[in-house]
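Following: one structure in structure tokens, then a few remarks.
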Amino acid sequence: MVILLNTDSLHDGREPSAFFGEAVTSIVSPDHVYPGHIPSVPRSG
């Protein structure tokens with residue numbers, strides 16, 4: 001699946017890619033929804 005998002009305008013203070021990621025993954029794989037703007041913590045080791 002390829003999705004093209006062509007904008008850089010924030011929506012409600014969030015990146016539009018976060019909304020797209022959450023929307024698409026909630027439909028395609030509801031048990032593994034994209035976390036959007038939540039930063040991940042790097043693992044050491």
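Taken to the nearest 0.5 Å, the CE atom of Met1 stands 10.0 Å off from the OG1 atom of Thr25.
In terms of heavy-atom proximity, Pro16 sits nearest to Ser9 at CG-O, 3.1 Å.
Follow the hydrophobic side-chain contacts under 4.5 Å out from Val28 and you reach Ile3 in the same cluster. Following chains of ILVMFWY side-chain contacts shorter than 4.5 Å, one can reach Leu5 starting from Val24, so the two form part of one hydrophobic cluster.
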